[in-house]
Amino acid sequence: MAASGKVAAFRLPPLPTVKEIIKLFNLRAQKQLSQNFLLDLRLTDKIARQAGKLKDSHVCEVGPGPGGITRSILNADVAQLLLVEKDTRFIPGLQMLSEAAPGKVHIVHGDILTYKMERAFPKHLQKKWEDDPPNVHIIGNLPFSVSTPLIIRWLENVSNRDGPFVYGRTQMTLTFQKEVAERLTATTGSKQRSRLSIMAQYLCTVQNRFTIPGRAFVPKPEVDVSVVHFTPLVQPKIQQPFKLVEKVVKSVFQFRRKYCWRGVEILFPEAERLEKSEQMLMLADVDPTLRPAQLSILHFKNLCNAYRKMCDEDASLFSYNYREELKQKKRTRKKGHLEQSERED
Ligand code: SAM
């Protein structure tokens, strides 16, 4: 019986346990790489089940390490499993799993941040964006330092329908530090509402499925871990380029405890800041005294549409960078001080 209670058509033959593999290949977790392993196969089965029906599907597992989740994915009777692992020490153990599931596993020793997933799976798997999600899944328990930049990159890929999303609305089941998972799924008005909440939720249905206590990992991390499931939306809730949405959302959350107009202001050069930010908030019909966390996705949609309109009217506006202006001002001030003290000498 499979852990889900259904009869599975495929089961891995008897193999050394994950713990034995770790011992056999001397796979001590490297703290500087934030490696924390899952050895309990009931938990890894539970993670794999969050992806949905995996039978006959094509899966990319990112950061398989000693292969706990890998076994659960294989036991779900997938058609093809692509493993992308950066640390060479894990390759022999993964090869052992590959031999136990002949013809199913393809191992890539590489970095998921540079791996081109658009060429990884057969073309015939491609579905139209409007159709149901394709039979392609991404599953992974990655270090937290990788999973956050990676999800931002994959969200941009969702927006552009490229990378892993050339196959259609590829679903992702990924682990995050519990607090990050809470931010990804935070609703309007909640304490955890942040840039990540808007960026993820305007493009995907995001569900925080369950939390794994830190003590379930070896070695035990300082934090708990949550499993988050993403399904790209047929229609993004904001229909503007990803970089534009990212700029507006980042600016608004720059001053998360202040009124939202404070963040809107920094989208504009100092000389026209007051006038333009008022214009943008008016166009978007957003109350300037709302706090960033109180803004709904609809508010952000209106803000992005208003900012887009203003960028269309002033071609130089989108390239304006508040931080650069601050740096420039600092440099000019410093130069002024130097010149003054030279004159005084
Ligand atoms: N999935 C395994 C488990 O749950 O026991 C290992 C989890 S461990 C937290 C993260 C794994 O991701 C390690 O095997 C690590 O070498 C790998 N990894 C880290 N950064 C990576 C990257 N950029 N690309 C691919 N793999 C990476």
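As the structure is a prediction and not an experimental result, all values here were calculated from the model. As the structure lists them, so they are numbered: ligands from 1, and atoms in each ligand from 1.
In the vicinity of N36, heavy-atom distances shorter than 4.0 Å reach the ligand 1 atoms 7 (C), 8 (S), 9 (C). Each of the atoms 24 (N), 25 (C) of ligand 1 lies under 4.0 Å from some heavy atom of G110. Numbered from 1 in the order shown, with element, the atoms of ligand 1 that lie under 4.0 Å from a heavy atom of D87 read 16 (O). Every atom of ligand 1 is numbered from 1 in the order shown, and the set under 4.0 Å from a heavy atom of F37 is 5 (O), 6 (C). Atoms of ligand 1 lying under 4.0 Å from at least one heavy atom of I69, given by number and element, are 4 (O). Numbered from 1 in the order shown, with element, the atoms of ligand 1 that lie under 4.0 Å from a heavy atom of V84 read 25 (C), 26 (N). Interface of F90 with ligand 1, defined as ligand atoms under 4.0 Å from a residue heavy atom, comprises 14 (O), 16 (O).
Distance alone, capped at 3.5 Å, places no donor-acceptor pair between the R195 side chain and the K250 backbone. Judged by distance alone, with hydrogens and angles left aside, the side-chain atoms of S57 form no donor-acceptor pair with the main-chain N or O of K53 at under 3.5 Å.
Salt-bridge formation is not detected for the pair K191/E182: no Lys NZ or Arg NE/NH1/NH2 atom is positioned less than 4.0 Å from an Asp or Glu carboxylate oxygen. Under 4.0 Å is where a charged nitrogen must lie from a carboxylate oxygen, and between K276 and E272 at least one such pair does.
You'll find the ring centres of F90 and F37 inside the 6.0 Å limit. Aromatic ring centres of Y167 and F121 lie closer together than 6.0 Å.
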Candidate pair E61 and T70, rule side chain to side chain donor-acceptor pair (under 3.5 Å), full reasoning: CA-CA 7 Å; E61 188 196 350; T70 319; 2.6 Å; yes
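Within 6.0 Å of atom CZ in R331, more than 12 heavy atoms from other residues, nucleotides or ligands are found, so the atom counts as buried in its surroundings.
Residue contacts with ligand 1: V62 is excluded, as none of its non-hydrogen atoms falls under 4.0 Å. At a 4.0 Å cut-off, not a single heavy atom of G68 sits close enough to ligand 1 to count as contact.
With a 4.0 Å cut-off on non-hydrogen atoms, V146 touches ligand 1 through its side chain and not its backbone.
Residue I112 has at least one nitrogen or oxygen atom sitting less than 3.5 Å from a nitrogen or oxygen atom of ligand 1, judged on distance alone. Considering backbone and side-chain N/O of L38, one or more are found under 3.5 Å from N/O of ligand 1. For the pair G63 and ligand 1, the shortest N or O to N or O distance falls below 3.5 Å.
D45 and S72 are linked by a side-chain donor-acceptor pair at a separation below 3.5 angstrom, with hydrogens and angles left out of the test.
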